[in-house]
Every structure is written in structure tokens, then in C-alpha cells.
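Report on one structure; see the data block that follows.
The model shown is predicted, which means the values in this text are computed figures rather than measured ones. Each residue takes its place number in the sequence, starting with 1.
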Amino acid sequence: MMDKNTLQELLQQPLAQDLLENFGFAGKGADDFTPEEICHLEPVWKMVDATKTPIHVPIHSDYERKWWKEAVAYQIYPMSFCDSNGDGIGDLNGILSKLDYLKELGVDIIWLSPIYDSPNDDNGYDIRDYKAIHKDYGTMADFDHLLSEVHKRGMKLIMDMVLNHTSDEHRWFQSSVHDPDSPYRDYYIWRKGRDANTPPNNWRSFFSESAWKYFPERDEWALHLFSQKQMDLNWENPALRRDVYDMLNWWLQKGVDGFRLDVINLISKTPGLPEGSDLFGNLVGMENYVYGPRLHEYLKEMNKEAFGRYDSYTVGEGCGLGARTTDCISMASAKELNTVFCFSHMEMPGRDKYVPYDYDLNYLKAHLLKIQQNEDADCWPTLVFENHDNPRFINKVTQDNNEMDLFAKELAVLSMTLRGTVFLYEGQELGLRDVKFRNAGEFRDVEAKNYYRELIANGKTEEEAFTIVAPGTRDQSRTPMQWTDGENAGFTTGTPWLRLGDDYAVRNAKGESEDPDSILNFYKKMIALRHAHKTFVYGRFEVVQPETPDYFGYRRFDENGTYFVEMNLSKKPIARPCPVDGELLAATYGDTAEELRPFEANVYHLA
């Protein structure tokens with residue numbers, strides 16, 4: 001049995017606090033745990049003990065000013081953004097044609113999801129060649145031209161980089177499989193099976209299958225935490241790391257302004273790859289890779305050898321990590337990453353994207369308060385509500401179209417008035433929402449297709465399996481961008497690679513640009529407001545009446561002025577908890593009323 005002093009020491013670790021919060025043990029001290037609970041949580045204690053870091057002391061001073069802290073970033077999913085040649089797939093020249101749209105919106109950074117050569121088993125997150133452009137998107141010359149035009153407009157461009165794994169068609173992996181004398185022999189994670197038909201351990205992949213694939217050429221199994229065509233790299237191999245850093249420098253020398261780093265926290269695995277616990281649900285084994293013991297070492301080295309040599313920006317995907325732990329990876333003093341996405345707010349505790357429910361915005365409020373009240377000059381958060389891996393956020397909150405329109409504007413206020421680097425996902429500025437898939441044949445997402453097959457294998461009918469998978473498939477946010485009310489929403493003159501949204505005739509960029517009260521024009525207004533008043537970026541944060549349910553009020557202030565934001569987080573009118581006397585700068589309804597109306601948000605200048 002663990003002694004109380006050791007337990008208390010572990011409880012001070014940010015990782016322990018994040019994990020225990022997920023399991024419903026938030027705030028418990030060493031004396032509060034029963035022996036049974038301590039035993040049940042043994043995988044947590046082992047994981048925390050293996051990754052202990054010195055306790056960070058917050059720095060209470062002014063934030064250092066950086067271009068990427070003040071930026072509004074916009075994620076483009078290239079397949080779905082704009083098709084220039086009629087093949088039904090978005091491409092680089094299509095993106096080029098929409099740069100003025102992004103500039104007019106107020107975008108500072110364009111984040112491109114993967115455009116590299118790839119078999120597209122996971123839509124480009126299975127890279128076959130890090131230094132080549134997929135033929136569907138164009139050529140390297142097309143990319144160079146796009147980058148030049150982005151920079152001419154005063155915007156930056158960051159690439160989506162996948163460093164946890166490559167495609168099984170990458171030359172490194174093919175050589176690793178077939179050539180016993182290959183220099184790439186140990187670039188991947190290989191192990192002997194427990195017997196001829198049993199993988200090395202019980203780990204499960206993120207895509208509903210064993211995390212191991214057998215290769216008779218080596219009589220060994222290779223690890224893949226994602227699909228069977230996405231093979232995990234062996235970061236313990238210094239030669240592999242050297243090749244990765246050389247590749248990153250190649251892109252930085254080309255002129256890209258940084259990287260979004262896919263599932264970057266998974267690159268370090270527990271030595272020996274021990275059996276996994278089922279404590280974390282279907283992701284058996286995740287305690288052995290979600291925050292591995294050498295993660296900080298690898299990130300520091302990567303920064304020193306690549307990112308830190310340039311005025312670049314990095315944002316990591318903190319897959320499975322909470323807010324406290326992502327701070328540990330993005331502290332300026334640590335010289336690892338600039339920022340890390342925390343997705344703790346994407347679903348409420350105990351919920352997942354495949355089961356529809358009414359998201360309570362009071363949970364989002366609590367999450368944001370935890371981040372905004374941590375005024376630590378050593379850490380800088382991100383503000384992200386939508387991306388390519390999740391259904392549209394507004395659909396989690398309500399299914400009523402009018403309410404979705406109101407909440408879409410309220411989300412714009414949240415994004416533009418809080419501290420952090422802002423990220424928008426394509427179509428978010430239009431209030432795009434989920435679609436109603438008709439059958440499983442419309443799915444293109446490998447995660448959804450695997451889950452659908454697993455459900456059928458476990459006894460569900462095709463209709464039952466489809467009903468479960470459809471609400472949560474990543475295809476929900478990947479449907480083609482809706483540019484006009486014309487043929488194929490103006491996305492392509494051909495056949496779209498994925499079905500269109502159901503509402504493009506009434507919800508599209510052209511129509512919204514002509515409507516002064518549209519979601520698009522409200523986003524333009526809020527982005528311009530953020531750019532004009534750096535108080536929203538660097539200013540102090542003070543919450544108002546935090547205990548009042550369904551109400552979120554706060555002040556942002558510094559030597560340049562004081563601003564007040566008020567919001568109704570519910571579908572019903574609520575009484576305004578405190579009077580406001582100031583200049584109205586932005587209002588989701590266009591004006592104010594005696595009460596706060598459903599999903600109403602207003603921004604005032606007080607002094």
C-alpha cells in the first residue's frame with residue numbers, strides 16, 4: 001500500500017490533478033482516498049510517478065508580447081475547402097482563390113491540415129513523403145506560390161505535422177520491413193508476439209482495434225496507435241529524431257511560419273511497453289503513451305534543433321491531456337512548444353461524441369474560468385471550439401436552428417474577448433452545422449467506418465450501428481465548405497468527395513457576406529474589435545458573479561481601458577445580475593433589452 005507522503009507528493013503533479021478530475025476525484029487530498037480507491041487508481045499513480053516534473057511556480061507579471069498571441073488562426077481542411085479543377089477534392093489553387101476572403105475576415109494565421117503525399121487512409125494524417133505534395137492538392141510549385149501570396153497579404157501559414165507515425169507506405173517503413181540491413185530498421189516500434197497469433201500486449205488503437213499489426217517478413221508486430229496503415233515511429237532512436245528535425249528545418253527554411261503538431265504528446269512510450277489497464281475505457285494501454293516519460297526531453301530537443309532557430313509558432317495537439325498538463329508542455333521557460341490545444345471542454349465528463357446530449361454551457365464556463373483565472377505569464381492558452389476531429393460545437397448545445405444562429409454569435413464573443421490564441425475552423429464563421437447522413441455508405445472517416453464494423457461484429461444491426469455512429473463521425477465537420485447557393489455550394493464543378501451540408505442554399509459565404517446581420521459579418525466585427533483593443537489579448541481578467549447559473553460576466557482591463565462582457569448561457573431569458581453602464585461595442589441581437597435573451601452576448605467599453 002502506498003504511504004500517504006508518497007501519495008500527497010503525486011497529488012501535487014498537474015497530470016494527477018487532471019486525471020483525477022476526469023475520474024470524479026477532483027480536490028481530494030491524500031487522507032481522503034480509501035484503500036480501495038488507491039488500489040483502483042494504481043495505473044494513474046504509476047503514470048504520474050514515471051512523468052514527475054518540478055512543481056511550477058506561476059509568474060505574475062505582464063505577458064511578453066508575441067505576434068502569435070495576438071493572432072486569429074483559421075484551420076483549413078484542404079479536401080473540403082475549395083476545388084479549383086473540378087475533381088471534387090479541394091486543392092491548393094482553390095485555397096489561393098479564397099485568400100482575400102480570409103484576409104477580409106481578419107485571419108492572421110492559416111493552418112493547413114496535411115497536404116503531403118499520402119495514401120489517404122486517414123485523410124492525410126498518414127504521411128508517405130514529408131517533402132512532397134499530394135497530387136490531389138497540386139504541386140510543390142503551387143504550394144510555394146500559395147505561401148508567397150499568403151505572406152503578401154500579411155498573413156502567416158503553419159503546416160499540420162504528424163510526427164507520432166507515418167504511413168506504412170513511407171520509404172522508412174518499407175525499408176524497415178524488407179531490408180534486414182536497413183538504416184531504418186529501428187525507426188518503428190517492433191516487438192515479438194506473445195505467441196504466433198498473439199500481439200505483444202493488449203493495447204487498443206484509437207480506431208477500435210488492436211494497436212498491433214503482424215508482418216511475416218520480420219516475424220514481428222509493429223505498433224499503430226491509429227489505423228493499420230499509420231505506424232508509430234520509434235522516438236527512442238536518435239537517428240530517427242535527427243531525420244525528423246532535418247525535415248522540420250527544411251520546411252522552416254522554405255518559409256512556413258510554424259507547425260500544428262498532431263497527437264504530439266504520444267511520441268514517448270513507457271519502456272517495456274507493459275500491459276495496459278482498462279481503467280481508461282476502450283483505450284486500453286493509454287496510460288503508457290499519452291504522457292510518456294521522455295516527452296519533455298524530446299520536445300526540448302525538437303525546439304532546440306528546429307523551432308527555436310526561427311521566429312516560428314508551434315501548437316501541439318494534447319490528445320487526452322487536461323488543462324494543467326498542457327500548460328506543462330507550453331511554458332515559455334521550458335522551451336518546448338508555444339501552445340497546446342486542450343480539448344477537455346469538447347465533451348462533458350462521462351459523455352462522448354457518439355451519444356447526443358444537451359451540452360451544459362455552465363461546464364464550459366467552469367473550464368474557461370480555470371484557464372482565464374490562471375494568469376501565469378509563463379503560459380499561454382488557446383481558444384478553440386471546433387476542428388476536423390469533432391462534430392460542430394453548436395450542435396452539442398442545441399438542435400434548434402434559430403438557437404444555433406444565436407449561439408454561433410455568442411461563441412464569436414467568447415473567442416474574441418478571452419486571453420489566448422484564437423483558432424477558428426472552416427465554416428465556423430458561417431455557423432455551419434452537422435448534417436443528417438442517410439446511410440453508412442456516406443461515411444469517409446476511417447474512425448467511423450471501423451467503429452461501425454465493430455458495432456456490427458458485436459451484434460448491432462446495420463441500422464443500429466449507423467444510428468450510433470452518424471452523430472459522432474468526424475465527417476460531420478469535414479463536409480465541403482459552403483461558398484454559394486449554386487451547384488455543389490460553389491465548392492466544385494465535379495462530384496464532391498464527401499456529401500454536402502443540407503443547408504447550403506440558405507447558409508453560405510456569399511449570402512452571409514451580403515447580410516449585415518449574418519454570423520459571418522458578426523465574426524468580422526468581433527475579430528476587428530479584438531485586433532483594435534489589445535486589452536482583450538493581454539489584459540487582466542476578472543469574473544463577475546461566477547456563482548450565478550447560466551450567466552457569464554467578466555471584465556478585461558489594463559492601462560488602456562476596461563471592457564465588460566455579459567452572456568446568457570441558456571435557451572431561456574434570464575435577469576441581468578448586475579447593471580451595466582457603458583458604451584455598447586457589440587451585441588449578438590444588435591441591441592440590448594431589460595433581460596438577457598437566449599444566448600445573448602454583449603460587449604461594453606466601461607472606461
Side-chain angles (χ1 to χ4, degrees), residues 67-68 70-87 89-113 115 133 137-160 254-258 260 313 386 388 408 412 415-416 421-432 479-493 496 501 504 507-532:
W67 62 265
W68 46 265
E70 302 171 10
V72 173
Y74 186 99
Q75 181 189 359
I76 289 177
Y77 198 71
M79 274 184 152
S80 298
F81 194 63
C82 184
D83 171 24
S84 70
N85 61 7
D87 65 358
I89 300 170
D91 50 46
L92 295 176
N93 285 329
I95 296 170
L96 179 70
S97 73
K98 301 299 182 182
L99 290 184
D100 289 338
Y101 167 86
L102 296 174
K103 181 65 177 178
E104 184 181 344
L105 177 59
V107 169
D108 303 296
I109 300 173
I110 295 172
W111 153 23
L112 289 185
S113 285
I115 55 172
I133 303 297
Y137 299 134
T139 65
M140 188 61 75
D142 292 331
F143 174 80
D144 291 340
H145 182 48
L146 174 64
L147 181 62
S148 174
E149 291 298 315
V150 168
H151 287 161
K152 279 182 184 178
R153 289 164 173 80
M155 296 186 288
K156 308 277 191 179
L157 187 146
I158 65 173
M159 303 285 282
D160 210 328
K254 184 177 276 288
V256 303
D257 300 291
R260 178 264 187 186
Y313 170 59
E386 293 194 349
H388 65 290
S415 298
M416 302 304 159
T421 300
V422 179
F423 281 83
L424 304 180
Y425 177 66
E426 66 178 53
Q428 182 179 337
E429 77 279 13
L430 302 178
L432 295 193
T479 54
M481 182 68 170
Q482 297 171 192
W483 293 108
T484 72
D485 62 0
E487 181 184 9
N488 295 326
F491 164 70
T492 180
T493 57
Y504 68 86
R507 188 167 287 102
N508 58 75
K510 183 177 185 298
E512 290 199 30
S513 68
E514 297 167 353
D515 176 3
D517 295 324
S518 69
I519 297 168
L520 173 61
N521 280 316
F522 190 77
Y523 260 100
K524 290 179 182 178
K525 180 174 184 174
M526 289 306 306
I527 293 172
L529 194 65
R530 184 177 183 85
H531 283 154

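Of the inter-residue distances, the one linking Ile115 atom CD1 with Met140 atom CE reads 7.5 Å to the nearest 0.5 angstrom. Note that OH of Tyr425 and CD1 of Ile76 are 10.5 Å apart. Values are rounded to the nearest 0.5 Å. Interatomic distance, Tyr313 OH to Ile158 CD1, rounded to the nearest 0.5 Å: 6.5 Å. Atom OG of Ser97 sits about 10.0 Å away from atom CG of Leu146, to the nearest 0.5 Å.
Asp144 contributes no side-chain N or O that, together with a main-chain N or O of Ala141, makes up a donor-acceptor pair within less than 3.5 Å. The backbone N or O of Ser84 sits less than 3.5 Å from a side-chain atom of Asp91, completing a donor-acceptor pair. The main-chain N or O of Asn488 is never found under 3.5 Å from a side-chain atom of Trp483 such that the two would form a donor-acceptor pair.
Relative ring orientation between His388 and Tyr77 is described as parallel, the plane-to-plane angle staying below 30° on a 0-90° scale split at 30° and 60°.
Within 6.0 Å of the NZ atom in Lys510, the count of heavy atoms belonging to other residues, nucleotides or ligands does not exceed 12.
Remark: Lys156 fails to qualify as a cation-pi partner of Trp68 under the 6.0 Å distance and 45° angle criteria applied to the six-membered ring.
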### Steps toward side chain to side chain donor-acceptor pair (under 3.5 Å) verdict (Thr493, Glu487)
CA-CA 7 Å; Thr493 57; Glu487 181 184 9; over 6 Å; no

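Between the side chains of Glu429 and Tyr101, at least one donor-acceptor pair of N or O atoms lies under 3.5 Å.
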